[in-house]
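Input: a single structure, listed below in C-alpha cells.
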Amino acid sequence: MSDRYQPQEVEASIYRLWEEHQAFKALDVSTKPPFSIILPPPNVTGFLHLGHALNMSIQDCLIRWKKMNGFNVLWLPGTDHAGIATQVVVEKHLQKMGLNREQLGREKFLEKVWEWKRETEDRIYSQLKRLGGALDWSRATFTLDEGVSRAVTKVFVSLYRKGLIYRGLRLVNWSGPLQSAISDLEVEFKEVKGRLYLIKYPLTDSNEHLIVATTRPETLLGDTAVCVHPKDDRYQRFIGKKVRLPLIGREISVIADESIDPQFGTGVVKVTPAHDFNDYKLGRKYNLDFINILDKMCYLNENAGIYRGLSVTEARRRIVHDLKESDLLVKEEPHIHQVGHCSRTGAVIEPLLSEQWFVKMSGLAQPARAVVESGTITLEPEAWIKTYLHWLNNIEDWCISRQLWWGHRIPAWYCQVCSHVYVDERQPGQCEKCGNNSWKQDEDVLDTWFSSALWPFTTLGWPAQTEALKTFYPTSVLVTGHDILFFWVARMIMMGLEFVKDVPFRKVYLHGLVRDDQGTKMSKSLDNSIDPIDVIEKYGADALRFNFLAHIHSGKDFQFSEERVQGYRNFINKLWNAARFVLTRVSVASFEGIHGPSLAAFDRWILQRLWEVERDVEQGLEQCRFSDAAHLLYHFVWNDFCDWYIEFSKVNWLEIAPDEKENSQKVMLFVLDRIIALLHPFIPFVTEEIFQKLPYREGQLCILQNYPTTRLDKELKNFFSSESAFEVELLKAVLHSIRQIRGENRISPAQEIGVKLRVFDEKTQKILGNYRKMLMLLGRISSLEISPEVRAKKAAVSRIVLGNSSVTVAVPLEGLVNIEEEIKRLTKAIEKAEKTLKELERRLSQEAFLKNANPEVVEHDRQQSQVLRVQIQTWTEARERLLRNEEFLV
RNA sequence: AGGGACUUAGCUCAGUUGGUAGAGCGCCACCCUUACAAGGUGGAUGUCGUCGGUUCGAAUCCGGCAGUCCCUACCA
C-alpha cells in the first residue's frame, strides 16, 4: 500500500468491480423491502456540473445506506430531452457551422439533435459513473424512448377525453427568438428602467382629450378601448363616449372597470386585449375586439399599417417620435417596472394571441395539495410547504404546446377538409364528421415538463402493470433542487395521483443550489461552472462527495470551495493510512472471537465510542442530516481512532502478552472493519478499495455488507465499562496537560522532560501507575514520578479534576525554559478560570436561580465551581512559588 | 406587492426541547516521533446584525429596526 491514497489509480477498477458483481441491480420481485429513487434526469444539453454532483452524492449515499440495511434498492437513471433547452443548444451549435434548422428541415434537424443527444448522454452517464453512482444501468431511460412516448401520448389522450386538456386561442407568453409559446414558469421577471408615456387620446365629439399613461406606446396600434375607474370623478362624464386613436384615427370606446387604479398615472388606461394580460381580461369581459399587431418573430404585422415590419423597439421609437410631431405626447418620465423575459433566450416576452394546448389545473391541483397538507408526502425542509401550497392555490392553466421540433409530438390531427380535430393515440382513418381521409398532425410538441411529470411511473413501465411498478411505486424519496419545485415536483404529484392513483414519492428532499466561491450562481453563461470530473481528477470522487455530504445543510445553497475538497481529500488519506497501519501491523487473520474479559481499557473505550457512533450516524441518516453523520464519522476516525486509539495501542502492544495482543488487534481490526462500512455510503471508492485488502473479506464486496448499527453490533454493549472509559479520559487529560505545558513553554517535542504527578487518592495512583510506560512514551517523558506528595522547584503546574479524581501535573522547567513564560501561562489560565468562576458564583448566589433552575444544572454549576476553585488555588500557589523560586508541594 | 428565509471566529458554515459559544479551512509556535508533512502537538480569535420584551438565565423564544438573499406576482 502506498503512503498516499491515489484515487485515480483505483476508482475505475472499483466501479468495474461493482458492475461485474451486478451490485446495483434492483430486483422486480424480492422478499426484501423496497427502497427506490428515480434520478432526476439530467438534461441532454451538455455535461453535468457540480449541482448534479451534489444532487447525486445525496442520492447515492441514501441508496448505498439502504442497500446495506437490507433493502431491495432501485436507483433508476435517465436523461431528459429538455425540449427548448436542447433545441436552442443544438441550434447554436449548428450556427457555428453556418447551418440553421429551417435550412435542414424538420427531419434532418432532428437527426442532428439525436446525434447530439447520444454524445451528451454518453458523457453524462460516464460522469455519473465517475462519481460512483450505484445506478441500475439496465433500466436507464430517455424521455423520448418509445415506451415513454407511448405513455405520454396515452396520458395526453386520456386528459383530453376527460376534458382536462383543451385547445384554445389564448394570450400566451411568446418568445420571439424561439418562435414559440412558453409557460408562465419559464418567464423570468426582471426590473427594467423604462419610461412612462402620457399620450393624448382626443374625443370624437369635442375638443377635449383623455390622457393615457402607458409604458408601451407601440401597442396603441392594437388598442380597442380606453378604460377608467367607474367612480373616478374626473372621467365619469367620458364613459361611453368615443376617442380617436392617435396616429391612426380608429375610433374606440371609453369604458369603465373597477380594476383600474385611479392613483396610477393619469387614471386612464389604454386597452390592448391582444397584447397585455390585464387587457385581455378586459377584452373578454367587455367583448372588445382583439387586434394582433405582431407576427411570430415579434415584428409588427399588417395590422400595424405603416409600422409594419418594424421590431417592437423600433416601432416604439418611431411612434414616440410621431406622437411628438403631432403634439400628442404630453410627457415622458422614467419608470422602473418588471418586465417578463424568456428564461432560455433572455428576450423580452410578448403576450401574444395564439392557438395553444392547455391543461386545466385546478382539478389536478386539489389532490396534490391534499397529500402535502396531510403529510402523505413530506417536504424537507418544511419551509417549502407553504410556498408549494401557495402556488397550487393560485395556479393557472398550463400551456403545454411548444412550437418546436424536439419533443413529443402532440397527438392531434386536423381534418384538411372539414377542420375536425381528432385526438387519439394513433392517426385516425376516415373523418367521422365528413368522411374524408385527409389529416394533418399538429406540428407542435409538448412542453418538456409534461413528460417529466410522468417520469416516476413511465420509467417503471406504466401503463403496463409491471412488477417493477408494483414493487417500486411510490418511490421512497425524491432528491432535487428547490428550483424545480413547481416545474417538476408539483406536476409529478398531480400526474401520479391522477394516473397511478398514488403519490409518486413519500418524501421530497430539496437541497440548495451550488454557488462558486464568490457566492454567485454557477452557470454556463457566466463561465463559472465546473466539471466535476476536473475536481475528481485532482482530489478523487470521494473527496468531492464527502465535501458535499459534510456540508449540505437543510436546503441551503452551497458555496463550493476547492480548499474544502482538499481538506476532505486529506481526511480520506488519513483513513487510508490508518488502514495501512492496521493492515501492516495487525497479524490476526480476522476479528472473530474477541475475548471480552481480557480487553484493555482502550479497547473497551473505542468499542463503546463505535457503538455510540453507529447509533448517532443512523439517527443522522434517518433524518437526512448528512452533515451530522459525516462529521461524526470524520471525528471518530481522525480523533478517536487515529489520534488516541492507535497511539495507545502502539504502546500497549509493546507491553502485553502475545495472546492479549492478538485479542487487542482483533478489536482494532473490527473497528476498522466497521469504520469502512460506516463510511461506505459517503466515500464508496476508498472504502471498497480498503475492504478489498482485508484478508478475511476475500471475494466479498463492501457495498454488499450489512451497515453497522447498534442492532447488528448489540454485543458491543458487553464490552462497555465505565472504569475503562474513565481510565482513558484520565490518561487523555494527563497527556493533554503535559503537552499543553510543553507547547506553551515552547519545549521542543524532541526534548524529553521529567514529569511529576501528584495524586490525591489511591485509585488514581494505581491507574496512573499501570500506565506508566504509556505516559512516558506518549508524553516523551524521561523520568516520571507518581506520588501523593510531590515536591518541585521551578516547575510548571497544571491541575486536572475529573470526577472524583484529581491530579496535579508538574514539569520541572529548570534549564529548559525561561520561568517568565510559565508565569505568563499560569496567569492567563488563572484569569480565565476566575472569570468563569465569578459568573458561576454570581448565578449560585441568586435565590431565584436555585429555586427555578433544573436541579441538574445547579448541581453541575456547583461542581464546576468547585473544580475551578481547586484549579485556581493550585495555579496561584504555583505561581507564587515560581516567583519566590522555592520548592513546594505541588 | 405578498410570502419564505438569512445575519455566529479572517472565510465557509454547524449550534434539535433556553443552562458556562463549535467545526473545517486559514493563522501563529514548535516538531520529518518508521501509518500518514495530504502529518503531529500546542495556541490565538467572537458585545452570536441592532434595539426592546419574556425568563433566575436568551445565539436559541416573542416583537420593532437595519442589511442580504430567494420564491411567487399581468400593475398600466
Side-chain angles (χ1 to χ4, degrees), chain A residues 1 3-5 171 184 187 189 196 212-216 227 259-261 264-266 268-272 276-281 335 337-338 340 351 381 383-384 386-387 390-391 394 482-483 485-486 512-513 517 519 539 543 547 550-551 553 555-561 563-564 566-585 623 625 627-628 631 634-635 642-643 646-647 650 735-736 739-751 777-778 780 835-837 839-840 843 846-854 856-858 860-861 864-865:
Chain A
M1 281 174 88
D3 64 354
R4 282 192 186 181
Y5 173 59
L171 200 58
D184 296 343
V187 179
F189 283 88
L196 189 65
V212 163
T214 181
T215 54
R216 302 205 51 191
C227 192
S259 68
I260 304 305
D261 175 8
F264 185 89
T266 57
V268 186
V269 171
K270 62 196 261 324
V271 182
T272 324
D276 182 280
F277 287 96
N278 281 321
D279 297 0
Y280 178 79
K281 281 181 195 156
H335 180 69
H337 61 143
Q338 303 285 322
W384 287 105
K386 229 173 167 176
T387 312
H390 178 260
W391 186 71
N394 297 288
H482 59 62
D483 51 335
L485 180 62
F486 307 134
L513 280 21
D517 53 8
Y539 302 107
N547 169 56
H551 211 67
H553 294 290
K556 283 186 185 165
D557 283 358
F558 185 101
Q559 196 158 326
F560 183 81
S561 99
E563 289 77 45
R564 214 167 37 228
Q566 195 174 322
Y568 292 118
R569 185 274 315 265
N570 295 353
F571 167 67
I572 286 156
N573 192 51
K574 185 77 181 174
L575 173 69
W576 174 259
N577 275 295
R580 196 157 70 94
F581 173 83
V582 177
L583 290 169
T584 52
R585 295 296 200 79
Q623 297 173 355
R625 298 186 65 103
S627 62
D628 285 0
H631 281 123
Y634 181 98
H635 288 112
C642 293
D643 291 346
I646 288 184
E647 295 307 319
K650 278 181 191 169
L735 282 166
H736 184 256
R739 288 166 174 172
Q740 195 171 29
I741 288 168
R742 189 194 275 282
E744 290 200 44
N745 283 299
R746 308 232 159 78
I747 302 169
S748 158
Q751 172 82 52
L777 279 171
L778 295 183
R780 311 210 109 232
K835 204 175 146 198
T836 316
L837 179 63
E839 170 59 24
L840 287 173
R843 228 198 270 178
Q846 285 175 347
E847 217 164 296
F849 172 69
L850 300 174
K851 203 173 71 186
N852 297 323
N854 187 329
E856 282 173 37
V857 174
V858 176
H860 174 267
D861 282 2
Q864 199 52 36
S865 52

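To find a chain, count down the sequence lines: A is the first, B the second, and so on, and within it residues start at 1.
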(request) Just compare G43(B), G24(B), C56(B) and give me whichever is closest to any side-chain atom of Glu744(A). (result) G43(B)
(request) Name the closest nucleotide to the Arg564(A) side chain, picking from G24(B), G39(B), C71(B). (result) G24(B)
(message) Quick check for you: among C36(B), A14(B), C75(B), whose closest atom lies nearest to any side-chain atom of Phe189(A)?
(response) C75(B)
(message) Work out how far the C1' atom of A14(B) is from that of A21(B), and round it to whole angstrom.
(response) 12 Å
(message) Between Asp557(A) (side chain only) and Gly512(A) (backbone N and O only), is there a donor and an acceptor less than 3.5 Å apart?
(response) no
(request) At under 4.0 Å between heavy atoms, which parts of nucleotides 27-32 of chain B does protein reach? Answer with one letter per nucleotide, 5' to 3': B base, S sugar-phosphate only, - none. (result) --SBS-
(message) Can you tell me if Asn852(A) touches the phosphate of U55(B), counting only side-chain N or O atoms and a distance under 4.0 Å to OP1 or OP2?
(response) no
(message) Is Arg4(A) close enough to C36(B) that one of its side-chain N or O atoms is under 4.0 Å from OP1 or OP2 there?
(response) no
(request) Return yes if the base of C36(B) and the side-chain atoms of Lys574(A) contain a donor-acceptor N/O pair under 3.5 Å, otherwise no. (result) yes
(request) State whether the side chain of Arg742(A) and the backbone N or O of Gln751(A) hold a donor-acceptor pair below 3.5 Å, judged by distance alone. (result) yes
(request) Report yes if a donor N or O on one partner sits less than 3.5 Å from an acceptor N or O on the other, where the partners are the side chain of Glu839(A) and the base of U20(B); otherwise report no. (result) no
(message) How would you summarise protein contacts on nucleotides 5-11 of chain B per nucleotide, using B for base, S for sugar-phosphate only and - for none, with heavy-atom distances below 4.0 Å?
(response) -------
(request) Scan every strand shown for a Watson-Crick or G-U wobble partner of U54(B), both distances under 3.5 Å, and answer none if you come up empty. (result) none
(message) Do Leu575(A) and Tyr5(A) make a side-chain contact, defined as non-hydrogen atoms from C-beta onward lying under 4.5 Å apart?
(response) no
